[in-house]
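Heads up: numbering here begins at 1 and tracks the sequence.
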Amino acid sequence: SDGPVAVTTSLPNGSAGASYSQNIDFTGDSAVTISTSVVSGALPAGISIGSTTNPSGTTYRAVISGTLPSPASETAFNFTVRATDAQGQTTDQALSITVEVGINNSGGFC
């Protein structure tokens, strides 16, 4: 069978110093484990990947969450996550979180 398939291929931007939580989903025809450490690049400081859950059917999910750092200017954090299925097949997915700075977070974008 084929290895895991990434459902989540991009992540939304976040605001400096704000809390952040997004799902990273893969599908697979055997149990998939999403690594809690990245295989290349780096997560933003304060952000981590939780352990894999199986919310439904062939969907396997890890939640990436924490509090974003406050860089001096808009910064893109690029990293690659790896999912491994029960047969040892791996799929890597490149992701990026852009931390936006200086947005007046009053609930709307100006």
Side-chain angles (χ1 to χ4, degrees):
S1 64
D2 297 328
V5 175
V7 177
T8 302
T9 56
S10 64
L11 292 169
N13 296 354
S15 299
S19 60
Y20 189 88
S21 181
Q22 293 292 327
N23 297 330
I24 298 176
D25 288 357
F26 285 81
T27 57
D29 41 14
S30 67
V32 173
T33 301
I34 300 162
S35 177
T36 57
S37 57
V38 299
V39 292
S40 68
L43 295 168
I47 299 294
S48 60
I49 302 173
S51 57
T52 308
T53 61
N54 177 206
S56 64
T58 58
T59 297
Y60 297 87
R61 172 173 295 164
V63 177
I64 184 168
S65 63
T67 301
L68 291 168
S70 297
S73 59
E74 180 174 299
T75 304
F77 295 87
N78 300 295
F79 53 92
T80 299
V81 296
R82 176 168 292 169
T84 307
D85 70 13
Q87 292 151 348
Q89 299 177 108
T90 62
T91 299
D92 290 355
Q93 177 63 46
L95 294 168
S96 178
I97 298 172
T98 297
V99 177
E100 298 172 336
V101 177
I103 295 171
N104 182 358
N105 195 353
S106 58
F109 292 98
C110 301

Working for side chain to side chain contact (heavy atoms under 4.5 Å, CB included), residues V39 and T90: CA-CA 12 Å; V39 292; T90 62; over 6 Å; no

Verdict with reasoning, T9 to Q93, per side chain to side chain contact (heavy atoms under 4.5 Å, CB included): CA-CA 7 Å; T9 56; Q93 177 63 46; 3.9 Å; yes

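Residue I34 holds its CD1 atom at 9.5 Å from OG1 of T84, rounded to the nearest 0.5 Å. Of the inter-residue distances, the one linking I49 atom CD1 with L43 atom CG reads 5.0 Å to the nearest 0.5 angstrom. Separating the OG1 atom in T33 from the CZ atom in R82 is a distance of 13.0 Å, to the nearest 0.5 Å. With values rounded to the nearest 0.5 angstrom, Y20 atom OH is found 7.5 Å from I47 atom CD1. The OG1 atom of T59 sits 12.0 Å away from the CZ atom of F26 when rounded to the nearest 0.5 Å. A distance of 5.0 Å separates CZ in F79 from CG in L11, rounded to the nearest 0.5 Å.
Counting all heavy atoms, side chain and backbone alike, P69 lies closest to P44 at CD-CB, 3.6 Å. Closest approach of V63 and S21 over heavy atoms only: CG1-OG, 3.4 Å. The two residues A62 and G50 have their closest heavy-atom pair at CB-O, 3.5 Å. Heavy-atom minimum distance, P71 versus A16: CD-CB, 4.3 Å.
Panel note: side chain S30, backbone D85; no donor-acceptor pair is recorded below 3.5 Å. In this structure a side-chain-to-backbone donor-acceptor pair under 3.5 Å is missing from T80 to D92. Not a single donor-acceptor pair under 3.5 Å links the side chain of T8 to the backbone N or O of A6.
Pairs engaging residues 39-65 under the salt bridge (charged side-chain N to carboxylate O under 4.0 Å, His left out) rule: D25-R61 [sequence neighbours left out]. For residues 42-56, no residue pair satisfies the side-chain hydrogen bond (donor to acceptor under 3.5 Å, both in side chains) rule, not counting sequence neighbours.
Using a 4.5 Å heavy-atom cutoff, the side chains of Q89 and D2 are not in contact. A 4.5 Å side-chain heavy-atom check between L68 and I97 finds at least one atom pair inside the cut-off.
The same ILVMFWY cluster, assembled from side-chain heavy atoms under 4.5 Å apart, contains both Y60 and V38.
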